[in-house]
Every structure is written in C-alpha cells, then in structure tokens.
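Below: the structure, in structure tokens.
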Amino acid sequence: MSPPLLEVDDLARSYRGGDGHVVHAVDGVSFRIGAGETLGLVGESGSGKSTIGRLVLRLEQADRGRIRFDGQEIGALRGEALRQLRPRLQMVFQDPFASLNPRRRVGDSVAAGLRAHGLAPDAAALREQVAALFRRVGLDPGHLDRHPHEFSGGQRQRIGIARALALKPRLIVADEPITALDVSIQAQIINLFLELQQDSGLSYLFIAHDLGMVRHLSHRVAVMLRGRIVETGPTAAVFEDARHPYTRALLSAMPLPDPDLEAARQRLTYTAAPFAPDAALREVTPGHWVLG
Ligand SMILES: Nc1ncnc2c1ncn2[C@@H]1O[C@H](COP(=O)(O)OP(=O)(O)OP(=O)(O)O)[C@@H](O)[C@H]1O
Ligand SMILES: [Mg+2]
C-alpha cells in the first residue's frame, strides 16, 4: 500500500488571547489523507478547523507535532525549502473576493503564481496556460482581462480555484469554500471539486459547516470539538453510525429534505464536559475511531 499523501501526528497550537488566557486551538490532532482522497473536517465554530488548515499549509508554525507530506517532513521547513513546497499545497478560501486584488485583472491574479515559480517560458505561453485553467474551471477564457467585481460570487470562487490549481498541487485545503455562495451555486462548485479530483487525483482537506455537502464530497470525515478530533472514519460510518454524543448532536441538527422526516426529527443536545485526562481515540469498527 502506498503511504498517505499527508500524515499529521499529535499536532498542537495554542494562542494567548488579549486577556492573557491561553486557548488550545488545536490540541493533539492526528489524521491521514491518501492520494485522491477527501477528508471532511467538521465541528463547531472555534473548534480549531481553520487552525489545522493553516498549520498544514505551513502558514503558521505548530507548537508540537509532525506533518509529513508526500514522504517529506514539512513541519520545520523554512526559507527556500518552504517556498519549493508551496506549489504542491494550495488553499481555496471562503471569500475569493477578499483574496483577489480588486484592481488586478483576474487573469493576472491567476498568472502570478505561475510567474513567481517560473512555470511559463514566455508571455504567450503564460496567457495560454491561464486560458486553459479558465476553461478547466468552467470560466470563459475571453474574460481574463476583466476585474473581480465583474464576476458573480460563484465565478469568483472558480477564479480562486483556478489560481490554486495553477501550480498543479497534490493537496488543496478548502476552508469553507462554498459558505459565502448562493445555495443554487454551491452544488456547482462542489461538482467542480469532484471533477478536478477525478481528473487529476487531487486530495482535499475540506472544511465546512454544511454537513450535506461534506457527506457528498468526503471519503472520510473528522469531527472536531475544542481542538480535538472526537470521531473520525469513513463517511458512511460517521453519518450512519455516529458514536460520539457530540457527533450525534451535530447530525441531529442537519436539515432533512423530506418535510415529514424534518417535522418528526428530534434534535439532540450535547452538554460540553471536559475531556477525560486519558481520553483517546479508540477503533470501534475498522477505520472508525471515537474519543472515549
Ligand atoms: N491568531 C489567533 N489569535 C488568537 N486566537 C486565535 C487565533 N486563531 C484562532 N484562534 C482561536 O483558536 C480557536 C480555534 O479557531 P479556528 O479559527 O481554528 O476555529 P474554526 O473551527 O475554524 O472556527 P469557524 O468554524 O468559526 O471557522 C478559537 O478559539 C479562536 O478564537
Ligand atoms: Mg474556520
């Protein structure tokens, strides 16, 4: 069996708040993502999901733990070695408008990474590569001289995805990539993520609140609560056989498409309790782990 693309072990990061209080944003998290695999990361606001994304992308330094990517320890890379890693690990943000320069033509925003990493021999080749990326994400390459405000939210997210794809990454960390979009557009963007994965074997760490989308897209899911993973496993196991009371509460709040089921649904509440000092993930069925 080939080794996983990403292996994260005992990752931790804390922050000191304004009042001097220490927040353990990520507190001993371990997970794997295989080549061509999607891990969905869900959990309450403030549970540490985005912090994990930033640590994996090496936008921030972990306090503790190991990150192995494509067989290489990347947790301590700096300088040129870190720069060399960048193309292979990319991010798609929640709000592409915030991350696109409003005064720059969108084609130039997509081209910037290609130029910085010397991936196009000349201006004509660069333009052709950007046009190809536009077509690949379902945008009209005739629009690459336009500015961000001339696009809809869904189109801007496609531009953000084109920019992430430009450097041929192996892994994309997508942090709430559809949350800011109209509901009618969300499924289109999810389908684009799926198509890109089928075409090029990309892996995703997909962070989202929308459990329906996570279920649709993810091969495996990890559920976070206060900096810890409380449950993880194959998507079907977690959604159909949730064991941790927090996961059950989260799933019980998921809207159901059938109005009769929706009306009859019982919401479970989860009363937060401190983790036991010896709490550890235990395997309940193959690949399905629950904190207990
Ligand atoms: N730069 C920072 N300085 C101080 N505290 C931070 C910082 N970044 C994150 N935190 C704190 O760490 C915890 C985890 O934050 P994080 O953004 O990772 O959560 P999240 O799961 O992504 O939440 P959301 O679903 O709202 O996006 C929170 O308590 C947050 O306030
Ligand atoms: Mg977040």
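Just so it is clear, the values below take in all heavy atoms, side chains as well, and ignore hydrogens, waters and symmetry mates. Every number for a ligand or one of its atoms is a count from 1 in the order of the listing.
- Here 1 is the count of protein N, O or S atoms positioned under 2.8 Å from the Mg ion (ligand 2), waters not counted.
- Taking only non-hydrogen atoms, the option from Ser14, Gly43, Ala25, Ser50 nearest to atom 22 (O) of ligand 1 is Ser50.
- No part of Arg16 comes within 4.0 Å of ligand 1, judged by heavy-atom distances.
- Closest to atom 6 (C) of ligand 1, if we only count protein heavy atoms, is Tyr15 CD1, 3.3 Å.
- Remark: atom 30 (C) of ligand 1 lies closer than 4.0 Å to no protein heavy atom.
- Heavy-atom separations between Gly17 and ligand 1 are all 4.0 Å or longer.
- Between the CG atom of Leu139 and the CZ atom of Phe151 there is a distance of 6.5 Å, given to the nearest 0.5 Å.
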**Trace of the side-chain contact (heavy atoms from CB on, under 4.5 Å) decision for Leu192 with Val137** = CA-CA 7 Å; Leu192 175 61; Val137 300; 4.0 Å; yes

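- For ligand 1 and His209, the ligand atoms under 4.0 Å from any heavy atom of the residue are 25 (O).
- For Val23, no nitrogen or oxygen atom sits less than 3.5 Å from a nitrogen or oxygen atom of ligand 1, counting backbone and side chain alike.
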**Request:** Please report the C-alpha distance between Glu128 and Arg135 in whole Å, then the side-chain angles of each, then the deciding distance to 0.1 Å, and finally whether the salt bridge (charged side-chain N to carboxylate O under 4.0 Å, His left out) criterion is met.
**Result:** CA-CA 11 Å; Glu128 187 35 55; Arg135 283 190 287 272; 2.9 Å; yes

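- Proximity to Arg54 (heavy-atom distance under 4.0 Å) selects the following atoms of ligand 1: 8 (N), 9 (C).
- The side-chain heavy atoms of Met254 and Leu251, taken from C-beta on, include a pair separated by under 4.5 Å.
- Between the side chains of His288 and Glu231, a donor-acceptor pair is found at a separation under 3.5 Å.
- Side-chain contact, Glu44 with Tyr270: no donor N or O sits under 3.5 Å from an acceptor N or O.
- Between Ile33 and Tyr204 the shortest heavy-atom distance is CD1-O, 4.0 Å.
- Under the side chain to side chain contact (heavy atoms under 4.5 Å, CB included) rule, Val42 has a single partner from Ile207, Asp210, Leu211, Thr247, which is Leu211.
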**Test log, rule salt bridge (charged side-chain N to carboxylate O under 4.0 Å, His left out), inputs Glu7 and Arg66** = CA-CA 8 Å; Glu7 295 173 82; Arg66 281 181 12 150; 5.2 Å; no

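- At the top of the distance list for atom 24 (P) of ligand 1, counting protein heavy atoms only, stands Ser45 OG, 3.6 Å.
- Side-chain atoms of Arg248 never come within 3.5 Å of backbone atoms of Leu268 as a donor-acceptor pair (strictly under, hydrogens ignored).
- Ranking the protein heavy atoms by distance from atom 25 (O) of ligand 1 puts Lys49 NZ, 2.8 Å first.
- When only non-hydrogen protein atoms are considered, atom 28 (C) of ligand 1 lies nearest to Gly46 O, 3.8 Å.
- Figure legend: cation-pi geometry between Arg88 and Phe69 absent, as NZ or CZ is not positioned both under 6.0 Å from the six-membered ring centre and within 45° of its axis.
- In Glu60, neither the side chain nor the backbone holds a heavy atom less than 4.0 Å from any atom of ligand 1.
- Checking Ser14 against Asp63 by side-chain atom types alone, a donor-acceptor pair falls below 3.5 Å.
- When only non-hydrogen protein atoms are considered, atom 18 (O) of ligand 1 lies nearest to Thr51 OG1, 2.6 Å.
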